[in-house]
Engineer: 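Mind looking over this structure? Questions follow.
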Amino acid sequence: MAEFDILVLAGDGIGPEVTDEGVRALDAIGERFGHTFNRSEDLVGGACIDAHGVAIQPHTIEAARNADAILWGAVGGPKWSDPRAPVRPEQGLLALRSELGLWANLRPVVVDPQLADNTSLKPEVLEGVDILVIRELTSGVYFGQPQERRTVNGGRAAVDTMYYHEEEVARVAHLGFQLARGRRGKVTSVDKANVLESSRLWREVVEEVRPEYPDVECEHILVDAAAMHLIRRPSDFDVVITTNLFGDILTDEASMLAGSLGMLPSASLGELREDGLGFGMYEPIHGSAPDIAGQGIANPVAMFLCTAMLLRHSCGLEAEAQALEAAVAAAIGDGLRTADIAVGGEQALSTREMADAILARLEG
Ligand code: IPM
Ligand code: MG
């Protein structure tokens with residue numbers, strides 16, 4: 001019997017629809033296993049811009065510091081996407097990642113064999129795909145300074161800075177090697193060392209960390225080749241460590257292995273305590289999907305899997321996490337589909353119907 005404080009930040013688009021289901025999953029777990037998940041909610045992203053003129057309020061960041069975890073929906077949408085707008089919904093997300101020091105973004109990509117026919121790749125290519133991408137999340141070109149507009153020769157110019165400090169690389173490398181030990185023992189580091197200085201540093205530091213883990217295999221791949229190999233031979237990857245921008249791009253690509261963006265969760269973690277647990281932000285990688293927002297047809301699976309990651313990494317509730325993951329697998333196994341993963345004549349369930357089907361399969 002344990003008690004946890006969860007900050008729920010639903011955001012925009014389909015964010016609130018899927019976050020509602022994540023909260024129901026927490027309640028169901030709480031009921032079955034006798035835990036209490038206290039919740040508070042707040043506005044972020046476009047919703048917060050509309051109400052308060054900023055993408056996140058300082059008191060929300062403070063509330064996050066006092067919580068055990070954040071369940072995050074999604075931010076953004078056409079209403080706020082004018083590139084010249086001074087305030088953008090994504091700033092709320094980036095502020096949280098940075099202020100809370102959430103430098104490790106874990107993005108597992110697992111292909112459920114039941115869905116192998118629902119993807120655009122050949123089923124045999126997808127056999128045995130089980131990848132853990134660790135994306136560096138608080139540095140790189142997302143945060144490097146300067147990042148600004150300039151006037152050059154009377155014309156518009158812009159600069160972003162791809163910056164890395166060796167410590168930022170080393171901690172990602174250590175985490176990658178450590179997690180690989182509990183998996184298939186292989187780390188693939190992805191960079192662009194043939195062109196970028198920050199990537200040459202990245203590769204150098206990974207090589208320096210590597211001898212501490214002689215039992216783990218390590219390879220370096222350039223990001224363009226990695227993009228190709230992800231589609232060509234995805235089952236060769238185990239743990240992938242990479243920079244903020246490359247990780248962002250490659251995980252959208254990798255999501256297609258799983259059949260839909262709507263299937264993949266992520267956990268953003270900072271320094272963990274001795275027991276391996278710590279504060280985390282849990283976020284489906286699908287984003288706000290404005291094209292289907294408000295229709296109740298979004299796939300709740302990513303959010304359920306986020307909730308499972310929350311139970312595992314921030315609450316230390318491994319059995320509960322596995323129960324939730326098993327319920328998702330059971331629902332998929334029974335042929336239940338939302339529109340994004342339905343093919344041929346398969347019936348597409350609504351968000352709520354799919355969530356109900358998963359919760360009905362929760363055992364424990
Ligand atoms: C993600 C998203 C974000 C990112 C956006 C919304 C800022 O694409 O979490 O992958 O680029 O990190
Ligand atoms: Mg992204």
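The shown structure was predicted, so the numbers you read here are calculated from the model rather than taken from an experiment. Values below: all heavy atoms of this structure, side chains included; hydrogens, waters and symmetry mates excluded. Atoms within each ligand, like the ligands themselves, are counted from 1 in listed order.
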Engineer: If I take atom CD from residue Glu283 and atom CE from residue Met303, how far apart are they, to the nearest 0.5 angstrom?
Structural biologist: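 Taking CD in Glu283 and CE in Met303, the distance rounds to 9.0 Å.
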
Engineer: State the atoms of ligand 1, each with its element, that fall below the 4.0 Å cut-off from a heavy-atom position in Arg107.
Structural biologist: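 With Arg107 as reference, the close atoms of ligand 1 come out as 1 (C), 9 (O), 10 (O).
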
Engineer: Where's the contact between Arg135 and ligand 1, heavy-atom distance under 4.0 Å: side chain, backbone, both or neither?
Structural biologist: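 It is the side chain that gets close, since no backbone atom is under 4.0 Å.
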
Engineer: Which residue holds the protein heavy atom closest to atom 9 (O) of ligand 1, what is that atom called, and what is the gap in Å?
Structural biologist: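 For atom 9 (O) of ligand 1, the nearest protein heavy atom is Arg97 NH2, 2.7 Å.
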
Engineer: Of the protein's non-hydrogen atoms, which lies at the shortest distance from atom 4 (C) of ligand 1, and what is that distance?
Structural biologist: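 For atom 4 (C) of ligand 1, the nearest protein heavy atom is Tyr142 OH, 3.5 Å.
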
Engineer: Has Asp252 got an N/O/S atom less than 2.8 Å from the Mg ion (ligand 2)?
Structural biologist: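 Not a single backbone or side-chain N, O or S atom of Asp252 is under 2.8 Å from the Mg ion (ligand 2).
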
Engineer: With a cut-off of 4.0 Å, which atoms of ligand 1 are near a heavy atom of Glu90?
Structural biologist: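 Those atoms are 6 (C), 7 (C).
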
Engineer: Which value, rounded to the nearest 0.5 Å, describes the distance between Ile358 atom CD1 and Leu336 atom CG?
Structural biologist: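 Interatomic distance, Ile358 CD1 to Leu336 CG, rounded to 0.5 Å: 8.5 Å.
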
Engineer: State whether Tyr142 and Arg135 meet the cation-pi test: NZ (Lys) or CZ (Arg) under 6.0 Å from the six-membered ring centroid, and within 45° of the perpendicular axis.
Structural biologist: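 Cation-pi check for Arg135 and Tyr142: passes.
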
Engineer: Looking only at heavy atoms of Arg88, does any of them come nearer than 4.0 Å to an atom of ligand 1?
Structural biologist: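 Arg88 does not count as a contact of ligand 1 under the 4.0 Å cut-off.
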
Engineer: Run the salt-bridge test on Asp236 and Lys186 with the 4.0 Å N-O cut-off and return the result as yes or no.
Structural biologist: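 Here Asp236 does not pair with Lys186 in a salt bridge, since their nearest N and O are not under 4.0 Å apart.
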
Engineer: Which heavy-atom pair separates Thr338 from Pro300 by the least distance, and what is that distance?
Structural biologist: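 Thr338 and Pro300 have their closest heavy atoms at CG2-CD, 3.9 Å.
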
Engineer: Is Asp248 in contact with ligand 1, taking contact as a heavy-atom separation below 4.0 Å?
Structural biologist: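 Under 4.0 Å: yes for Asp248.
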
Engineer: Which atoms of ligand 1 have any heavy atom of Glu283 under 4.0 Å away?
Structural biologist: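 It comes down to these atoms of ligand 1: 9 (O).
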
Engineer: Give the name of the N/O/S atom in Asp248 that lies closest to the Mg ion (ligand 2).
Structural biologist: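 The nearest such atom is OD1.
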
Engineer: My understanding is that only one of Thr251, Ile285, Val133, Leu106 makes a side-chain contact (heavy atoms from CB on, under 4.5 Å) with Ser266; could you say which?
Structural biologist: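 Looking at Thr251, Ile285, Val133, Leu106, the match for Ser266 under the side-chain contact (heavy atoms from CB on, under 4.5 Å) is Ile285.
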
Engineer: Under 4.0 Å between a side-chain nitrogen and a carboxylate oxygen: does that hold for Glu41 and Arg39?
Structural biologist: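 Judged by the 4.0 Å cut-off on N to carboxylate O distance, Glu41 and Arg39 do not form a salt bridge.
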
